[in-house]
2 protein chains.
Amino acid sequence: MPNHLDNQLCFLLYATSKEIIRRYTMLLKPYDLTYTGYIAILALEDDEQITVKELGQRLFLDSGTLTPVLKKLEVKGYVRRERSKEDERQMQIYLTKSGIEVRQKLPEVSRQVIKQSNITEQQYMQLRNVLQDILQKDCPIKD
Amino acid sequence: MPNHLDNQLCFLLYATSKEIIRRYTMLLKPYDLTYTGYIAILALEDDEQITVKELGQRLFLDSGTLTPVLKKLEVKGYVRRERSKEDERQMQIYLTKSGIEVRQKLPEVSRQVIKQSNITEQQYMQLRNVLQDILQKDCPIKD
DNA sequence: ACCAATTAGATTGTGTGCAATTTAATTTTG
DNA sequence: CAAAATTAAATTGCACACAATCTAATTGGT
């Protein structure tokens, strides 16, 4: 591995990620959604109730980040939060009708962001594969 | 471009970037550096004075982010900040002796992070090329 | 059944990240 | 040359991220 480039790679990852999120944020404004709110809604299936913990596992986020985001999504009317009756510690999250509606419009936003970045299908696949590799190889170490 | 994967790619980028930064943050603790402080120090050459604006261009960060970071680096003794005499609006930033010293140790941190992610040299090159492409293609739109 | 250990979510504190505004200095222009 | 426009940093406000702590609920062991 070429040492003098180590930093470039990590920094590129960081800079590109920020830039992509910035673009999402702009396009999500009409829906009154932030990027975090967006991925939270996308992670919820239409007829599904999941806990904050489960949602956090899908998004790699903890309750410290998710709790405020979900409260805001609730105020906007996109999700509902209910204490589980079987286990009072758990909070059940699910999409409202309005949340399901907005969720259906979101793929268009995503399509536009990808379009802007102008990458080829091959590059797209390469990038996805490498990132999945890195993230998966990271998982065992985290535990 | 396969539509149903659009989101996966952007999310992967976001999640991987966060994970890599998390690893940096852990390894940087002994040096009393955050990731942002780290890239700021790396962006400064040993015998160079640059303005906050210039530094921001290198790091894709604005004064709103950089000013507090640089003030903290100054308190830690890694950089110095001085008003330019030619143009009082500008703040000149440069590494102290201590900053130059710590800077020399940082490539080792970077090497360790790359090592942990276990990617092949080919993957490394692919990733770098695609990210550079995306970031460059994005730039004209920003201006 | 009781108490220690665990677990889920919320809260707190620190550090970004960025848009928007402010302030002070410099440059441009009529 | 003076007023207007521009520019550099700093400041403000909002929204994450995440570690650490807290609280309440549940579970496990005896």
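This is a predicted model, so every value here is computed, not measured. Here is how names work: the chains are called A, B, and so on, in the same order as the sequence lines, proteins then strands, and each is numbered from 1.
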Asks: How many whole angstroms separate atom CZ of A:F60 from atom P of D:dC16?
Replies: 19 Å
Asks: Grab the CD-P distance between A:E19 and C:dG17 for me, whole Å please.
Replies: 14 Å
Asks: Rounded to whole Å, please give me the gap between CE in A:M91 and P in D:dT26.
Replies: 14 Å
Asks: What residues in residues 70-88 of chain B put a non-hydrogen atom under 4.0 Å from any atom of DNA chain C?
Replies: B:K72, B:E86, B:D87, B:E88
Asks: Using a heavy-atom cut-off of 4.0 Å across all strands, would you classify B:L61 as base, sugar-phosphate, or nothing?
Replies: sugar-phosphate
Asks: Would you classify A:T25 as touching base, sugar-phosphate or nothing, given that sugar-phosphate means primed atoms plus P, OP1 and OP2, and contacts are heavy atoms under 4.0 Å?
Replies: nothing
Asks: Restricting to non-hydrogen atoms, name the atom on B:L66 and the atom on B:V52 that form the minimum distance, rounded to 0.1 Å.
Replies: CD1-O, 3.8 Å
Asks: Hey, does A:I21 reach any base, or is it just sugar-phosphate, or nothing, if we go heavy atoms under 4.0 Å?
Replies: nothing
Asks: Using only side-chain N and O atoms of B:T34, determine if any of them is under 4.0 Å from OP1 or OP2 of C:dT16.
Replies: yes
Asks: Nearest-Å distance, NZ (B:K53) to P (D:dT7)?
Replies: 8 Å
Asks: Any ion pair linking A:R103 and A:E48 (charged N to carboxylate O, less than 4.0 Å)?
Replies: no
Asks: Any idea which of C:dA10, D:dT7, D:dC18 is nearest the B:R89 side chain?
Replies: D:dT7
Asks: Atom CD1 of B:I93 and atom P of D:dA8: how far apart are they, to the nearest Å?
Replies: 14 Å
Asks: Specify the separation, in whole Å, of atom CG of B:L28 and atom C1' of C:dT16.
Replies: 15 Å
Asks: Does a salt bridge link A:R22 with A:E19, judged by any charged N lying under 4.0 Å from a carboxylate O?
Replies: yes
Asks: At less than 4.0 Å, is any side-chain N or O atom of A:T67 found next to OP1 or OP2 of C:dA10? Yes or no.
Replies: yes
Asks: Of all the heavy-atom pairs spanning A:V79 and A:L70, show the shortest one and how long it is.
Replies: CG2-O, 3.8 Å
Asks: Any side-chain N or O of B:T36 less than 4.0 Å from the OP1 or OP2 oxygen of C:dG15?
Replies: no
Asks: With a 4.0 Å cutoff (strictly under), does any side-chain N or O of B:Y14 reach OP1 or OP2 of D:dA17?
Replies: yes
Asks: Output the rounded distance in Å from CE (A:M26) to P (C:dA19).
Replies: 9 Å
Asks: Reading DNA chain C from 5' onward, which residue's closest nucleotide shows up sooner: A:Q90 or A:K18?
Replies: A:Q90
Asks: If you measure from OG1 on A:T16 to CG on B:D133, what distance do you get to the nearest 0.5 Å?
Replies: 10.0 Å
Asks: Tell me, with the steps shown, if A:Y24 and A:S110 meet side chain to side chain donor-acceptor pair (under 3.5 Å).
Replies: CA-CA 7 Å; A:Y24 266 102; A:S110 184; 3.0 Å; yes
Asks: Between B:R111 and B:E108, is the salt bridge (Lys or Arg N to Asp or Glu O under 4.0 Å) condition met? List the steps.
Replies: CA-CA 5 Å; B:R111 222 182 45 70; B:E108 175 55 23; 3.0 Å; yes
Asks: I need the CG-P distance between A:L59 and D:dC18, as an integer number of Å.
Replies: 11 Å
